[in-house]
Peer 1: 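Dropping the structure in here first, questions after.
Atom set for the values below is all heavy atoms of this structure, side chains included, hydrogens, waters and symmetry mates excluded. Keep in mind that what you see is a predicted model, and the values were worked out from it rather than measured.
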Amino acid sequence: MKFKLGSAYFAILGVITLAFGGLEVVTGLPGIEGLSTGALEIPPDLWRGIIIFFAGAFITAGAFKLRDIHGLGMSTFGSIMLWIIAGCDIFTRIMESIPNGAGGLNSLEGFLATYGPPYSPALFLLPFSLVIFYFIKEVEK
Amino acid sequence: MWELLNRERGGKRKMPRTSLSVDERWKLIDSISKQVVLRGKYKHTLKDVISDLSVRPMTGIPLALAVLFGFWAFFGAFAGFFTDGFAVPAFDDHFLPAIQRAFPGEGGPLYWIFVGDPGAPSCFEAFGVLTSGLFVAFGVVLPAIVAFYLVLTILEDTGYLPRLAVLVDTVFHKIGLHGFAIVPTILSLGCNVPAVAASRVLETKKQRFMMMSLLAVFIPCGAQIGVMEELLPEYVPAILAFLFFGYFVTGAVLSRLIPGRSPEILIDVPPYRSPIMKNVATKTWARVSGFIKMAVPAVLGGIVVVNLLYLLGVIDWLADALEPIFVVWFGVPAVTVGALVMAFLRKDMAVGMLGGMAAAGLLTTGELITSVVLVSIYFPCLATFIMLWKEGGVRDLLKSLAILTVSFFVFGGLMHGIVALAGV
Amino acid sequence: MKVGKIGIKALVLVLIMFYALAAIAWVTGVEAPEEEEFELGEVTIEDNGTELAISIDEVSEYVTEKIEDAMGSVPEDMEMFVSGAYRATLLGISEVWEGEVPSRDDIKIVSSLPEPASALCFQYITGTGPSMENLRAENGVFEIVLQDGTLVENTSVQHLYELSKNITADDWKFEISSISTGESFVVEVKGDVFPEDFFGLREKVVFGQTASEKEGQEFTWEWSDINDGFQGFEDYEIFEGLEEPAPDSATIVALIAVILAIVILALII
């Protein structure tokens, strides 16, 4: 039952990831602007889009065989790609939050404001993708 | 052994033979292994699956793209943090005005050599030993090099680099090299000198010569990329893509022209493992400190030499002499000659000089892009030149320089055409 | 492996901290303080019922004209004195009248700085300057009282120019007060606005005629920087006794709460 739910979960997550990747590819094409709605921003970056698209594809492909080590491995592989993109976004924000652009340290408000919206899709998807660790532990048992 | 073989044959042979046929050898091997090897079903672990997926083209290439993206994003954020966040304001707003005022003999030759232009608003434009030299060496290049070597070391220690070599093996075979050539290529993105040394791992003279020539001509070093990122961040991916295009095209041509073999190499692909932070720190520090010891004196010395050549009028004479070629074939003004002279000593400073010229309105964006490409492909820096000499000898060095000259004109002209067509 | 576990723990903490900060930033809607370039406002006063907005350019024009008439030429650092006096007036008026527009005849300025350009600036604002009869209907009061209490009766340009030879950072003190209510505010320029030995260099360059070219260049750079500071820095950066505005307290409380929570989490994990 757990793995059936897990399969459904990762299938949905994979499809959503794939969709966001596709959107980033489209907005990354020359002449097309990025999309921004509320706290979500689709950055116009072809490279990122391709990576997230494939990440979504691998997560989805592995979702249907989650109990099998190869299926789990495929979903984990896709998650790793997503973590790389999200990790870069997080690292970039941390680096941007510290200096104030004039050679000194950022003010408290400036520091906090750097972490404010909008966020890329990878940042929204990252926490949901961490569920894979639960299934890795289950399979290893 | 003979008893074993005899038993296998049903005890028919009475006298031992002095040699075995091929079939007999294989039968002997089978029989020994049956007795000593335990066979069972190997259970794949998650690491094995991921390792396997990393080397298959359908899954491995997207992962390679992700890793390269991560490399690039980390490099940009890390170097940008130190350079744009602190070094640029500290040097341009505080250090530069102070030294412009404090250094005696404003306008004199010593002032020009050590401080540079007294009215320069930024360290990039000043071009003095104590201004541009210190700023480029410590404010721009050092963070870039630290970022590069940190990520490279982590990739090495996790075991990803050999997998990348397997992935790109087919591509490199097309140019007479093999996948492991990716390692010196990536190393060259940090500094050409250890990359040229790493070419020793290639088996034949042909492969080593090709590798060294391609690295010296087409792969910009981390210091140079750091300065390019500072000046032209939006064009750096396109410039690198163009250089890699040149790398592969020239490699394909050389592979057909240079006689010799391109054999396979067997390499060990280690399992994925977590990098040990202490090892990463030690290796990164060793590489960075080696780079600092080599690069900083070269940067400072290079500025002294180029400034002297400017003061003696040598650069102006060269610019006048070469102006027709520069303007017509490359589409850049003759002032870039100064940067090309500097590029022989330090490529990062040469790009910095071009940035200063662009800021002063002497170069358009298109001319800056073409000039940066010319600086990349025109001559290896002095340190690489010496390394090429040391590794390949005088004859190979001269051959590399001939390849360089042809590439310089071909790809420099091509860049001019692309920039003109793109309307940059 | 111990090191591997520490690495994962650190990663988890970084992730938790990032998302916590993101949540706070999103919920509180905090925005980065914009790099507002300080804008030099205008001195707004009322003169016989008519509201006047006096800009620094207007004052500079008047001061330049009067000094040229009196001395034939304008000292190179005049602009610095006008800027300093103008900023002091802006601050003093905002502190004493608290947003209300003062009447010109209610303004009293007592300056400790015996110097012609700053004096002419104060005289223009109070309407007590030379040849101001056609420019104002009412006038306030302006006096120069030295640090030792001496009232400077002769406020002519030449006399003040001579007195300005020996000025120091301590003389940059101005009292702006309301004649009707007696309320006053003392504006004192911070000592560190002026580089070390600036006034010694000034004496050498402006009065001594023995300064070298390098010293002359140095003086120009220094007074230009001070002038830029008077025209571009916040009040708390140039005047004594003022505090930098504190950041929004709600944001700080939320940030401290998150950091404490993460530290506790780190100890538990």
Side-chain angles (χ1 to χ4, degrees), chain A residues 21 24 30 43 45-58 61-62 65 68-106 120 122 132-133 135-140, chain B residues 42-96 139 143 147 150-151 154-155 158 160 234 237-238 241 272 422:
Chain A
E24 284 194 36
D45 192 325
L46 188 62
W47 195 359
R48 276 175 69 106
I50 291 171
I51 295 165
I52 294 179
F53 181 84
F54 276 101
F58 298 149
K65 300 180 286 177
D68 178 44
I69 194 71
H70 293 94
L72 180 68
M74 184 67 106
S75 287
T76 308
F77 192 80
S79 300
I80 290 170
M81 288 172 62
L82 186 62
W83 297 341
I84 291 173
I85 302 294
C88 291
D89 288 347
I90 290 172
F91 182 73
T92 305
R93 287 220 187 201
I94 292 172
M95 290 287 111
E96 283 174 357
S97 69
I98 299 169
N100 66 359
L105 294 176
N106 212 346
S120 66
I132 199 82
F133 284 107
F135 289 96
I136 291 171
K137 277 216 157 116
E138 287 295 305
V139 167
E140 279 177 355
Chain B
Y42 177 69
K43 199 178 168 196
H44 271 153
T45 63
L46 187 64
K47 246 196 226 177
D48 294 328
V49 172
I50 292 174
S51 179
D52 193 41
L53 290 170
S54 303
V55 295
R56 283 196 229 155
M58 276 295 288
T59 47
I61 290 171
L63 180 67
L65 283 178
V67 168
L68 283 171
F69 177 90
F71 194 162
W72 199 250
F74 178 85
F75 182 85
F78 187 95
F81 170 76
F82 286 104
T83 304
D84 295 324
F86 296 104
V88 168
F91 274 92
D92 289 351
D93 298 341
H94 302 285
F95 180 73
L96 181 67
L150 184 61
V151 177
I154 290 173
L155 286 179
T158 51
Y160 181 70
E234 64 273 29
Y272 273 129

Peer 1: Is chain B contacted by the side chain of A/Ile84, its backbone, both, or neither, given a heavy-atom distance below 4.5 Å?
Peer 2: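 Contact with chain B: side chain only.
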Peer 1: Using non-hydrogen atoms only, which part of A/Ile136 is less than 4.5 Å away from chain B: side chain, backbone, both, or neither?
Peer 2: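 Contact with chain B: side chain only.
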Peer 1: Please determine, among B/Gly70, B/Ala73, B/Pro62, the option with the most heavy-atom pairs under 4.5 Å with chain A.
Peer 2: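 The option with the most such pairs is B/Pro62.
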Peer 1: With chain A, which of B/Asp92, B/Leu53, B/Asp52 has the greatest number of heavy-atom pairs at distances under 4.5 Å?
Peer 2: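 Option with the greatest count: B/Leu53.
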Peer 1: Counting only non-hydrogen atoms closer than 4.5 Å, does A/Ile94 touch chain B with its backbone (N, CA, C, O), its side chain (CB onward), both, or neither?
Peer 2: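 For A/Ile94, neither part sits under 4.5 Å from chain B.
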Peer 1: Where on B/Thr45 is there a heavy atom nearer than 4.5 Å to chain A: the side chain, the backbone, both, or neither?
Peer 2: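 The backbone, not the side chain.
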Peer 1: Between atom CD1 of A/Ile80 and atom CG of B/Leu63, what is the distance when rounded to the nearest 0.5 Å?
Peer 2: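 With rounding to 0.5 Å, CD1 (A/Ile80) is 7.5 Å from CG (B/Leu63).
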Peer 1: Under a 4.5 Å heavy-atom cut-off, does chain B meet the side chain of A/Ile50, its backbone, both or neither?
Peer 2: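 Just its side chain gets close to chain B.
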Peer 1: Nearest 0.5 Å, what's the CH2-CG distance between A/Trp47 and B/Leu68?
Peer 2: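 Nearest 0.5 Å value for the CH2-CG distance: 5.5 Å.
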Peer 1: Considering only heavy atoms from C-beta outward, does the side chain of A/Asp45 approach that of B/Phe69 to under 4.5 Å?
Peer 2: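 Sidechains of B/Phe69 and A/Asp45: in contact.
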Peer 1: Looking at A/Phe77, I'd like to know if its CZ atom is crowded, meaning that more than 12 non-hydrogen atoms belonging to other residues, nucleotides or ligands lie closer than 6.0 Å.
Peer 2: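 Yes, enclosed.
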Peer 1: Can you tell which part of B/Phe78 gets under 4.5 Å to a heavy atom of chain A, answering side chain, backbone, both or neither?
Peer 2: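 Contact with chain A involves both backbone and side-chain atoms of B/Phe78.
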Peer 1: Let me confirm one number: the NE2-CG distance from A/His70 to B/Leu46, rounded to the nearest 0.5 Å.
Peer 2: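 Spacing of NE2 (A/His70) from CG (B/Leu46) equals 10.5 Å.
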Peer 1: So do B/Thr59 and A/Met74 actually touch side chain to side chain, heavy atoms under 4.5 Å?
Peer 2: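 The answer is yes; the side chains approach within 4.5 Å.
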Peer 1: Nearest 0.5 Å, please: how far is NZ in B/Lys47 from OG1 in A/Thr76?
Peer 2: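 Taking OG1 in A/Thr76 and NZ in B/Lys47, the distance rounds to 13.5 Å.
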Peer 1: So which of B/Phe74, B/Phe81, B/Phe71 actually passes ring-ring contact (aromatic ring centres under 6.0 Å, His included) with A/Phe91?
Peer 2: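 Of B/Phe74, B/Phe81, B/Phe71, ring-ring contact (aromatic ring centres under 6.0 Å, His included) with A/Phe91 is met by B/Phe74 alone.
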